[in-house]
Q: 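Below is a structure I'd like to ask you about.
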Amino acid sequence: MRIGELARRTGISERALRYYEEQQLLRPERRRSGYREYAEGDVRTVRNIRTLLAAGLSTYTIAEVLPCMTDDGDALVPACPELTTVLSQDRDRLTTAIDDLLAARDILDAIIAAGRSETAQPASDPALTAAPAG
DNA sequence: ATTCTTACA
DNA sequence: TGTAAGTA
């Protein structure tokens, strides 16, 4: 199938599908016309790519992990022994990112709390007092 | 009508 | 990523 059909069947933009190829996530064949020719299995592959992206993995990691994943119809299953190690490392990276965000929120909370107890309101910047547009 | 590449916002 | 341009 050509890119238009794959885009329609997966709900992913043609732009994104070409980007996935650039990132080595998909390797469609080429016709003499230059048109990309995708295999039936690519429909499932694209869905798996979306799943992995949603898991916070980079396209680089997905590229090296995708060939080691088996798809039993509904779930992705690691097929290589060293795969779980790589995934665990990414999990640790997410944990660190989450901790950083929690720390950032705590700082904002402290500043916001300080503002609530403040009596004087030297709000001179109109950008800070304007009502939210929406 | 579709797709392709390149490039800019 | 979206989109426009200029093709094949």
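The figures here come from the full heavy-atom set of this structure, side chains too, leaving out hydrogens, waters and symmetry mates. Order of the sequence lines sets the chain letters (A, B, ...), proteins ahead of strands, with each chain counted from 1.
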Q: If pairs are Watson-Crick or G-U with both distances under 3.5 Å, what is the dot-bracket string of DNA chain B, marking crossing pairs with [ ] and pairs to another strand with |?
A: .|.|||||.
Q: Honestly curious: do A:V43 and A:L26 fall in one hydrophobic cluster under the side-chain, below-4.5 Å linking rule?
A: yes
Q: Can you name the closest pair of heavy atoms from A:Y35 and A:R2 and give their distance?
A: CD2-CD, 3.7 Å
Q: Which atom pairs link the protein and nucleotides 4-8 of chain C when you take only N or O atoms and keep those under 3.5 Å?
A:
none

Q: Let's see if you get this right: which residues in residues 4-32 of chain A place a heavy atom under 4.0 Å from DNA chain C?
A: A:S13, A:R15, A:A16
Q: Could you pull out the closest heavy-atom pair between A:A63 and A:P67, with the gap in Å?
A: O-CD, 3.2 Å
Q: Quick check on A:R93: does its CZ atom have over 12 non-hydrogen neighbours (other residues, nucleotides or ligands) under 6.0 Å away?
A: yes
Q: Report the C-alpha distance between A:V46 and A:L25 in whole Å, list the side-chain angles of each, state the deciding distance to 0.1 Å, and finish with yes or no for side-chain contact (heavy atoms from CB on, under 4.5 Å).
A: CA-CA 9 Å; A:V46 170; A:L25 271 34; over 6 Å; no
Q: Do A:M69 and A:L52 make a side-chain contact, defined as non-hydrogen atoms from C-beta onward lying under 4.5 Å apart?
A: yes
Q: I need the A:E64 CD to A:L83 CG distance, nearest 0.5 Å.
A: 9.0 Å
Q: Only pairs under 3.5 Å count here: list side-chain donor-acceptor contacts from residues 13-21 of chain A, not counting sequence neighbours, and write none if there are none.
A:
{"residue": "A:S13", "atom": "OG", "partner": "A:A16", "partner atom": "N", "Å": "3.1"}
{"residue": "A:E14", "atom": "OE1", "partner": "A:R18", "partner atom": "NH2", "Å": "3.4"}
{"residue": "A:Y20", "atom": "OH", "partner": "A:R50", "partner atom": "NH1", "Å": "2.6"}
{"residue": "A:E21", "atom": "OE1", "partner": "A:R36", "partner atom": "NE", "Å": "2.4"}
{"residue": "A:E21", "atom": "OE1", "partner": "A:R36", "partner atom": "NH2", "Å": "3.3"}

Q: Give, ordered by number, those residues of residues 36-43 of chain A having at least one heavy-atom distance below 4.0 Å to an atom of DNA chain B; if nothing qualifies, reply none.
A: A:R36
Q: Is there a donor in the side chain of A:S58 and an acceptor in the side chain of A:T61, or the other way round, less than 3.5 Å apart?
A: yes
Q: Tell me if the CZ atom of A:R105 is crowded by more than 12 foreign heavy atoms within 6.0 Å.
A: no
Q: Yes or no on side-chain contact (heavy atoms from CB on, under 4.5 Å) for A:V77 and A:D71, after CA distance, side-chain angles and deciding distance?
A: CA-CA 6 Å; A:V77 182; A:D71 185 348; over 6 Å; no
Q: Is a donor on one side and an acceptor on the other found under 3.5 Å between the side chain of A:E37 and the backbone of A:M1?
A: yes
Q: Take atom CD of A:E82 as the centre, draw a 6.0 Å sphere, and report whether it contains more than 12 heavy atoms from other residues, nucleotides or ligands.
A: yes
Q: Taking A:L87's backbone N and O only, do any of them form a donor-acceptor pair with A:D90's side chain (distance below 3.5 Å, no angle check)?
A: no
Q: Return the residues of residues 47-60 of chain A meeting this criterion: a heavy atom under 4.0 Å from some atom of DNA chain B. Order them by number, or give none.
A: none
Q: Exactly one of A:L76, A:D74, A:T70 should register a side chain to side chain contact (heavy atoms under 4.5 Å, CB included) with A:D72. Which one does?
A: A:D74
